[in-house]
J.: 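Sharing a structure below in structure tokens format, with a few things to ask.
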Amino acid sequence: MRFESLSVGDTFEQTVTDVRGEDTKLIAALLQDPYPPHFDPRHAEELGYPGLLNQGPANLAYMLQPIVRRLDRPSRLEGFETRFHDTVFEGETVTATVTVEEKEPTDDGGGVVEFSAVVTKENGETAVDGSVRATFGD
Amino acid sequence: MVASDLEGTEIPSGEFEVESWKAYLWADATRDDEMAFRYSEDAQDAGEPGQLVPHSMCQHIVFEATGGIEATMSRLSDDWKSGTVLGGLRADFHAPIETATSFIIEGEISNIEKRDGSSGELTIATHRYTVSTTDGEPVYDLEADMVILGDA
């Protein structure tokens, strides 16, 4: 996507349907995360959770994806700020929504775009929100 | 227990690289369809130097380089599994995060702040990390807020 084709207020969405417990377990293994609710259904149930607990960095991944997929190169993601508000569990569906808030052109015809971003659960609760900066070409 | 005198504590520096298969599986597990996170050819076709690490692994890299999750959290609380969560992340990227590349990570506990939350007192321990190549080129800077629930 080109810098000039983006306008303040443009919004993009991406939905992750039914967060999969097998993914949560795989992420726990990759992270070497020993916290049991990420991989042990019995432990999650004892804590009153409806399923395995999705990891925060996975929720962050959902927030970044609608932007990264629109870049010429993934490394043109310049940075982000995010806050984690609510937990996401196995079986839940979440939607990442990003909105163009600000555009700053650069001399080469492209520019830096600032997005607001939010990952929302089906019940309307915010799981993650924040802002993301990325460079788009001309 | 979190002591406010942890503020300014240097975290042992370390070195870490993300192997190709880890980036691939992370992309799969987070339902990411970006092929530059899976294949060098796809990354190079997009103008990248080689297969990339998903940005959302940035916390994993700094934690693993400096002792792992257990060591990071145990500095803050003896009983971290009972109420320590990731509260926020802030990252600035300066260069592509490539797979199979060694990174040098340095960090510190930059701030300890106590607050009254909706469910009682909490402590926010901000960790600040710098990530660079072995040649000293900056790759990214990261701040991670770890939230310890209860009277720490």
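Residue numbering restarts at 1 for every chain, and letters A, B, ... go by the order of the sequence lines. Excluded from the calculations below are hydrogen atoms, water molecules and symmetry mates; all remaining heavy atoms, backbone and side chain alike, are included.
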J.: CG/B/Asp145 to CZ/A/Phe84 distance, rounded to the nearest 0.5 angstrom?
T.: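 Here the interatomic distance stands at 10.0 Å.
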J.: Take a 6.0 Å sphere around CD of A/Glu4 and say whether it holds more than 12 heavy atoms from other residues, nucleotides or ligands.
T.: no
J.: Name the member of A/Arg73, A/Arg83, A/Glu22 that forms the most heavy-atom pairs with chain B at distances under 4.5 Å.
T.: A/Arg73
J.: Working to the nearest 0.5 Å, report the span between CG of A/Leu77 and NE2 of B/His55.
T.: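 Separation between the atoms: 4.5 Å.
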J.: Heavy-atom pairs under 4.5 Å with chain A are the metric here; pick the option from B/Asp141, B/Asp33, B/Ile97, B/Leu52 that has the most.
T.: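 Top count of heavy-atom pairs under 4.5 Å with chain A: B/Asp33.
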J.: Among A/Arg69, A/Lys25, A/Gln55, which has the most heavy-atom pairs under 4.5 Å with chain B?
T.: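 Most pairs with chain B among the choices: A/Arg69.
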J.: Between B/Phe63 and chain A, which part of the residue has a heavy atom less than 4.5 Å away: side chain, backbone, both or neither?
T.: neither
J.: Counting only heavy atoms closer than 4.5 Å, note whether B/Ile69 contacts chain A via side chain, backbone, both or neither.
T.: side chain
J.: Would a hydrophobic clustering, with Ile, Leu, Val, Met, Phe, Trp and Tyr connected at side-chain separations under 4.5 Å, put B/Val53 with B/Ile104?
T.: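 B/Val53 does not cluster with B/Ile104.
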J.: Among the clusters formed by ILVMFWY side chains lying less than 4.5 Å apart, do A/Leu53 and B/Val85 turn up in the same one?
T.: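 Unlinked, A/Leu53 and B/Val85 end up in two clusters.
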J.: Given heavy-atom pairs under 4.5 angstrom as the criterion, report whether the side chain, backbone, both or neither of B/Glu48 touches chain A.
T.: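 Looking at B/Glu48, backbone and side chain both touch chain A.
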J.: Below 4.5 Å from any heavy atom of chain B, which atoms of A/Asp72 appear? Answer side chain, backbone, both or neither.
T.: backbone
J.: Given heavy-atom pairs under 4.5 angstrom as the criterion, report whether the side chain, backbone, both or neither of A/Val19 touches chain B.
T.: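 When you check distances to chain B, only backbone atoms of A/Val19 fall under 4.5 Å.
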J.: Are any side-chain N or O atoms of B/Arg31 and backbone N or O atoms of A/Asp23, one a donor and one an acceptor, separated by less than 3.5 Å?
T.: no
J.: Could you check which of A/Pro74, A/Pro57, A/Ala58 has the highest count of heavy-atom pairs closer than 4.5 Å to chain B?
T.: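 Option with the top pair count is A/Pro74.
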J.: Using non-hydrogen atoms and a 4.5 Å limit, figure out which bit of A/Arg20 sits close to chain B: side chain, backbone, both or neither.
T.: both
J.: Is it the backbone or the side chain of B/Leu86 that comes under 4.5 Å from a heavy atom of chain A, or both, or neither?
T.: both
J.: What part of A/Phe80 lies closer than 4.5 angstrom to a heavy atom of chain B: side chain, backbone, both or neither?
T.: both
J.: Under a 4.5 Å cutoff for heavy-atom pairs, which residue among B/Cys58, B/Pro96, B/Ala36, B/Ser56 has the most contacts with chain A?
T.: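 Counting heavy-atom pairs under 4.5 Å, the top option is B/Ser56.
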J.: Quick one: closest heavy-atom pair of B/Ala29 and A/Ile27, and the distance?
T.: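 Scanning both residues completely, I find the closest heavy atoms to be CB-CG1, 3.6 Å.
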J.: What residue, out of A/Ala29, A/Ala61, A/Gly130, has the most heavy-atom pairs lying under 4.5 Å from chain B?
T.: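 The answer is A/Ala61.
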J.: For A/Glu92, is the CD atom crowded, meaning more than 12 foreign heavy atoms sit under 6.0 Å from it?
T.: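 Correct, the count exceeds 12.
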J.: Side chain, backbone, both or neither: which part of B/Ala91 has an atom under 4.5 Å from a heavy atom of chain A?
T.: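 For B/Ala91, heavy atoms of backbone and side chain both lie under 4.5 Å from chain A.
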J.: Any heavy-atom pair between the side chains of A/Pro34 and B/Glu70 that's under 4.5 Å?
T.: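 When only atoms from C-beta onward are counted, A/Pro34 and B/Glu70 do touch, with a gap below 4.5 Å.
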J.: Can you confirm whether A/Arg133 sits close enough to B/Asp92 that some side-chain heavy atom of one is under 4.5 Å from a side-chain heavy atom of the other?
T.: yes
J.: CD of B/Gln59 to CG of A/Leu60: how many Å apart, nearest 0.5 Å?
T.: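 Here the interatomic distance stands at 9.0 Å.
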J.: Take a 6.0 Å sphere around CD of A/Glu45 and say whether it holds more than 12 heavy atoms from other residues, nucleotides or ligands.
T.: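 No, not enclosed.
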J.: Can you check whether B/Thr30's main-chain N or O pairs, donor with acceptor, with A/Gln65's side chain at less than 3.5 Å?
T.: yes
J.: Under 4.5 Å heavy-atom distance to chain B, tell me which part of A/Leu31 shows up: side chain, backbone, both or neither.
T.: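 Both the backbone and the side chain of A/Leu31 come within 4.5 Å of chain B.
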J.: Return the CG to CE distance between B/Leu89 and A/Met63, rounded to the nearest 0.5 Å.
T.: 9.0 Å
J.: Examine whether an atom of B/Pro54 lies under 4.5 Å from a heavy atom of chain A, and if so say whether it belongs to the side chain, the backbone or both; otherwise answer neither.
T.: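 B/Pro54 has no heavy atom closer than 4.5 Å to chain A.
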